[in-house]
> 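Have a look at this one before I ask anything.
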Amino acid sequence: MATLRFHAVKKSLSYKTVNYQEKDRRSEIFGKHVFNENTMRQYLTKDAFLSVMNAIQLGKKMDRTMADQVASSMKDWALSKGVTHYTHWFQPLTGATAEKHDAFFETIGNGMAIEKFGGTQLVQQEPDASSFPNGGIRNTFEARGYTAWDPTSPAFIYGTTLCIPTIFVAYTGEALDYKTPLLRALNAIDDAATDVCKYFDKNVKKVTASLGWEQEYFLIDKLLVASRPDITLTGRTLLGHTSAKGQQLDDHYFGSIPTRALNFMKDLEIECMLLGIPVKTRHNEVAPNQFELAPIFEEANLAVDHNSLLMDIMGRVASRHNFKVLLHEKPFAGINGSGKHNNWSLSTDTGVNLLAPGKTPMSNLQFLTFFVNTIKAVYKHEALLRAAIASASNDHRLGANEAPPAIISVFIGEQLTKVLEELEGVTKGKLSPEEKTELKLNVVGKIPDVLLDNTDRNRTSPFAFTGNKFEFRAVGSTANCGNPMTVLNTIVAKQLKDFKAEVDNLIDKKDLKKDEAIFNVLREYIKSCRNILFEGNGYGKEWEEEAKKRGLSNHKTTPEALKARISKETIALFEEMQVMSKVETQARFEIEVEAYIMHIQIESRVLGDIARNHIVPTAVKYQNILIENVKGLKEIFEKKFSTVSKEQINLIEDISRHIEAINAKVTSMIDQRKKANAITDIQKKADAYCNKVKPFFNEIRYHCDKLELLVDDELWPLTKYRELLFTR
Ligand code: ADP
Ligand code: MG
């Protein structure tokens with residue numbers, strides 16, 4: 001087996017980097033493989049074009065003849081680009097994207113055939129829902145599910161397939177994917193935010209949530225990964241001693257990008273350009289062989305689709321460059337993990353970013369309104385927000401002492417903290433003319449200047465305000481952004497709805513002027529949600545203690561965090577905002593708990609196998625060599641034997657101790673797994689996997705890693721950290 005490791009290392013070092021040449025300007029190829037507005041204008045009749053635009057902008061249903069026309073034009077466009085198949089492209093709750101290709105090809109009798117694609121095929125399909133996670137919905141209802149076209153996310157060509165973004169729902173209408181609840185949440189925030197905007201500008205008709213994600217990843221040589229069953233099967237290393245050199249020198253972050261990685265990036269970026277994914281930034285991250293890629297932000301639903309698509313494309317492009325992309329949140333112990341910051345904001349159809357201060361006191365009051373309401377929403381629903389990013393793999397970041405912590409808090413910077421403090425002092429009820437002037441000119445009016453030099457950035461905060469947007473940093477690198485985006489937009493929508501009711505009430509019942517009413521409500525909000533604001537070091541032990549005093553939750557593990565997903569409040573919230581029914585909320589909870597159990601179960605099995613079938617036999621082999629050596633020493637040295645063989649005998653003993661520990665612990669872990677498997681209640685089962693099975697991982701790893709240091713390098717079967725991380 002060790003030969004596989006050496007073969008992999010040798011081969012990976014011999015790769016010649018193919019220099020990736022760019023032929024075209026990016027602006028010229030951008031969106032070439034997308035059936036976007038521009039392409040539609042070319043291919044659709046005026047009526048068909050208008051009917052698609054109505055569907056996109058107003059959510060209007062398209063009639064059959066129009067759908068037929070759109071489908072036919074889409075097909076013509078696709079055929080002109082060499083496409084042979086089409087697929088509904090969706091995001092089931094497996095975390096991956098799903099597609100089932102059908103050829104345009106259709107026989108028409110007499111041995112003849114044509115290329116056909118009609119409105120029916122465009123609008124709806126029926127994949128078998130029973131093979132996708134459904135959280136019990138299938139048992140209570142029907143096995144069938146269907147996919148339905150989402151015209152707000154344009155169709156695109158990947159390879160020789162036309163991909164049509166769709167939602168995926170059970171036959172009875174329950175959502176079985178990430179997109180459906182997201183679209184409903186985006187609708188909810190549009191309604192609630194538009195209503196609130198009307199206080200400031202009557203012309204606002206639509207508010208759109210925007211998302212700009214930043215994808216972190218590791219790029220590891222494909223062959224080296226193939227020699228590691230743990231990475232191959234679980235996406236991360238379950239063992240491996242840390243490399244003598246890791247990230248201590250900070251020599252990777254923002255350093256020059258290694259040529260081989262750069263060629264991968266260029267190739268990937270071209271693919272993204274063709275697909276209309278506006279990638280813009282690329283750089284080295286903190287850990288060796290860790291990188292980041294970020295696009296220009298987009299409307300949230302499209303941005304989520306683009307991120308899901310990107311994760312898929314990354315794998316394919318990497319393969320061409322003999323790399324494997326590791327999207328896992330913590331592929332390597334001892335060095336940084338990967339996240340996916342979700343930059344989020346709201347903007348109006350009149351072109352105003354609601355989380356950016358404006359030029360007039362009134363527009364700044366609008367900014368403050370959305371700013372404070374977001375903070376309040378996060379405060380009220382911090383546990384649910386934590387649950388929205390919970391997964392077995394993200395626990396390695398959130399639950400461990402790594403960025404960011406499992407405690408949700410909001411960072412707003414020193415200057416805005418001051419502004420909120422001043423607002424907190426606003427008189428209750430009616431304001432005197434002097435007070436109004438003071439507020440308008442010196443508090444609200446000064447915000448833009450304040451923000452200009454608001455350069456302090458707190459990297460440890462899970463949810464930070466960064467000048468004109470909030471940055472949700474706790475999202476994991478493997479996550480489908482649809483999940484956190486659904487929760488964030490829903491909680492802010494609910495908050496804005498409540499805010500509107502309170503302000504209206506003050507205007508109607510207390511006879512306050514509009515801005516007085518707004519100031520009054522905001523003041524109470526600031527008072528009530530101070531506890532979520534935190535400007536200090538999020539990694540410190542002190543913060544954990546402080547957060548506890550403040551009543552903030554600190555759910556370090558997924559089974560603990562996920563409970564907030566089915567609390568009474570959550571169910572009521574999703575129902576009220578029409579984002580998910582009770583059945584859907586419960587189903588999602590079950591799917592996520594099940595996923596957790598399966599992840600830990602798989603890791604446990606893989607670790608047990610590697611420890612017993614790779615590590616222990618290798619250690620025994622080396623021990624036998626030592627034993628032969630000691631026997632030889634005895635023959636040669638006879639009397640002096642005990643002095644010359646002391647170290648070898650110690651080593652033999654050490655190895656025995658580690659082997660014994662590994663065997664005992666693997667046996668105990670398997671016992672615990674069996675017990676856990678016998679539990680029928682899924683919450684209890686997940687708890688057992690978390691608290692009874694998982695703790696063995698580090699214990700087993702400890703002894704394996706010790707053996708790695710003791711055993712002859714020539715015999716060691718697993719590619720080592722230094723080889724995985726420093727082969728470029
Ligand atoms: P970093 O966090 O790495 O320092 P930035 O703070 O510059 O980087 O964040 C850049 C990300 O924020 C980009 O993905 C960008 O598209 C996104 N972004 C900028 N403005 C907005 C906005 N109004 N809404 C959503 N995302 C935004
Ligand atoms: Mg960022």
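One-based numbering, in listed order, for ligands and for the atoms of each. All heavy atoms count here, side chains included; hydrogens, waters and symmetry mates do not.
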> Is P295 in polar range of ligand 1, meaning some N or O pair under 3.5 Å apart?
yes

> Does the N or O separation between E471 and ligand 1 drop below 3.5 Å for any pair?
yes

> For side chain to side chain contact (heavy atoms under 4.5 Å, CB included), just list the numbers for L420 and L533, CA-CA rounded to whole Å, side-chain angles, deciding distance to a tenth of an Å, and then say yes or no.
CA-CA 11 Å; L420 294 196; L533 298 175; 4.1 Å; yes

> Between E546 and R550 (salt bridge meaning N to carboxylate O under 4.0 Å), is one present in this structure?
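R550 and E546: salt-bridged.
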
> If you measure from each non-hydrogen atom of N343 to ligand 1, which part falls under 4.0 Å: side chain, backbone, both or neither?
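Contact part for N343 vs ligand 1: both backbone and side chain.
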
> Is it true that K280 lies under 4.0 Å from ligand 1, counting heavy atoms only?
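No, that is not the case, since the closest heavy atom of the residue is not under 4.0 Å from the ligand.
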
> So does R386 pair up with D395, basic N to acidic O under 4.0 Å?
yes

> Only heavy atoms of I296, strictly under 4.0 Å: list the atoms of ligand 1 that pass.
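Matching atoms, with element in brackets: 16 (O).
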
> Would S210 count as a polar contact of ligand 1, with the cut-off being nitrogen or oxygen pairs under 3.5 Å?
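Yes: some nitrogen or oxygen of S210 is under 3.5 Å from one in ligand 1.
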
> Taking 4.0 angstrom as the limit and counting only heavy atoms of N353, give me the atoms of ligand 1 inside it, by number and element.
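Atoms satisfying the 4.0 Å criterion: 23 (N).
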
> If you measure from atom 8 (O) of ligand 1 to every heavy atom of E214, Q215, E299, H283, which option wins on shortest distance?
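Result: the heavy atom closest to atom 8 (O) of ligand 1 is in E214.
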
> Sort out for me which residue in N394, N307, N480 forms a side chain to side chain donor-acceptor pair (under 3.5 Å) with K340.
N307

> Kindly state whether the ring of W89 and the ring of Y158 have centres lying under 6.0 angstrom apart.
no

> Distance alone, cut at 3.5 Å: any donor-acceptor contact between the side chains of Q290 and N336?
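Side-chain D/A pair, Q290 to N336: absent.
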
> Check T466 against ligand 1 and report side chain, backbone, both or neither, counting heavy atoms closer than 4.0 Å.
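The answer is neither; T466 stays 4.0 Å or more away.
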
> Please list, in number order, the atoms of ligand 1 under 4.0 Å from a heavy atom of G212.
14 (O), 25 (C), 26 (N)

> Thinking salt bridges, do D498 and K380 make one under a 4.0 Å N-O criterion?
yes

